[in-house]
Amino acid sequence: MIVIASSNGRIGIQRSMDILKAGGSAIDAVEAGIRLVEANPEDHTVGYSGFPNILGQVELDASIMDGRTLTSGAVGALQGYLYAITAARKVMDSLPHVFLVGEGAARFAAEIGLEPMDLLTDDVREIRQRRLLKSIPQEIFDKLDQEPELRRWVHLATDPERAWSTVNFIARDANGDIASGVSTSGWAWKYPGRLGDSPIIGAGNYADNRYGAAACTGMGEMAIRASTAHSIVFYMKMGLSVSEAGKRAMEDLNDLGGRYLDVMNFVAMDREGNHSGFTSMPGKSYIYQRDDMAEAVELERTFVKLNQRWQNPESE
Ligand code: ASP
């Protein structure tokens with residue numbers, strides 16, 4: 001039994017392991033671990049107190065995948081409910097669909113009994129105001145929701161230094177079943193309705209018992225365009241080790257053209273529980289815990305240098 005996670009999953013990984021040790025399934029372990037990260041007010045990249053879109057609305061994206069059956073569930077741009085991963089799980093378990101977004105996702109969250117909640121905290125409200133006012137004149141900021149050219153300001157407010165992060169969990173249970181989950185508040189100050197890779201099966205998240213699983217953080221647009229999580233699992237299907245598969249999937253990102261290329265990170269596990277983490281930013285880590293370990297251990301991710309062509313309009 002093993003759980004691996006992005007390093008911000010530390011608050012939830014013990015809970016995941018406890019579930020596995022008690023005989024629980026990988027999918028239950030993934031959901032429970034991620035819920036603790038979603039509720040963590042210190043983490044501004046997931047769930048409660050996540051960074052909002054440019055209008056100040058916190059929009060959550062999450063997905064979960066069961067490697068036994070290749071069933072999955074996802075929600076995107078969910079507002080007003082904390083446990084996006086549970087909403088995703090319930091989509092998987094109780095609907096003939098895979099993916100709900102926006103108002104439909106919120107309606108579904110209410111239907112399954114999730115508590116409505118204001119996810120925007122005072123400190124994040126202040127950070128947003130400070131950051132946006134560096135670029136946007138006060139009179140426009142005050143009426144941003146009526147701004148006819150909001151796209152202009154999303155462009156200006158883009159802040160790659162602080163915008164990213166997400167939580168990834170992958171678990172393998174006593175039966176050898178594998179599950180993966182991802183949850184995020186996405187790219188800070190994003191255009192309303194923007195979905196990243198996290199809720200898109202194959203982009204930010206993929207699990208298949210027969211080969212392994214992978215989950216991403218970083219610039220979601222890149223993982224969407226390269227189908228990164230699925231590529232990693234596919235490379236394992238073609239016989240590559242988890243390390244080789246990860247390296248190949250990172251290198252694939254160099255084929256992407258366009259001006260906005262930035263950071264990518266992912267964690268991956270093969271069907272035996274061997275794992276690896278990758279990053280395009282040196283010095284990043286991920287965590288793992290096996291059932292014979294008292295606590296999670298941090299490991300450095302393999303660094304793969306990527307073409308980064310981010311253009312910050314403010315420095316143009
Ligand atoms: N991948 C997430 C997104 O693009 C953000 C992140 O992981 O940093 O929404």
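When a ligand or atom number is given, it counts from 1 through the structure's own listing order. The structure presented is a predicted model; accordingly, all values stated were derived computationally and were not measured.
On a distance-only criterion, Cys216 and ligand 1 share no N/O pair closer than 3.5 Å. On a distance-only criterion, Ser165 and ligand 1 share at least one N/O pair closer than 3.5 Å. Checked by distance only, ligand 1 and Thr166 come closer than 3.5 Å through their nitrogen or oxygen atoms.
When each of Ile19, Val3, Ile64 is tested with Val30 by the rule side chain to side chain contact (heavy atoms under 4.5 Å, CB included), just one qualifies, namely Ile64.
Ile287 and Gly9 make their closest contact through CD1-C, 3.8 Å (heavy atoms, listed as atom of the first residue, atom of the second, distance). Between Asp61 and Gly76, the shortest heavy-atom contact is OD1-CA, 3.5 Å.
Counting only distance, with no hydrogens or angles, the side chain of Asp208 and the backbone of Arg210 share a donor-acceptor pair below 3.5 Å. Looking only at distances, a side-chain donor or acceptor of Lys190 sits under 3.5 Å from a matching main-chain atom of Ser185.
The line from CG of Leu78 to CG of Leu114 is 8.0 Å long, rounded to the nearest 0.5 Å.
Leu261 has its side chain out of reach of Met219: every pair of non-hydrogen atoms, C-beta onward, lies at least 4.5 Å apart.
Shown in contact with Thr217 at under 4.0 Å from a heavy atom are these atoms of ligand 1, numbered in order with element: 7 (O). For ligand 1 and Gly218, the ligand atoms under 4.0 Å from any heavy atom of the residue are 1 (N), 2 (C), 3 (C), 4 (O), 5 (C), 6 (C), 7 (O), 8 (O). If you number the atoms of ligand 1 from 1 as listed, the ones under 4.0 Å from a heavy atom of Asp197 come out as 1 (N), 2 (C), 3 (C), 4 (O). For ligand 1, the atoms lying closer than 4.0 Å to a non-hydrogen atom of Gly186 are 9 (O). Proximity to Trp187 (heavy-atom distance under 4.0 Å) selects the following atoms of ligand 1: 9 (O).
Using a 4.0 Å cut-off between heavy atoms, Arg194 contacts ligand 1 through its side chain alone, with no backbone atom that close.
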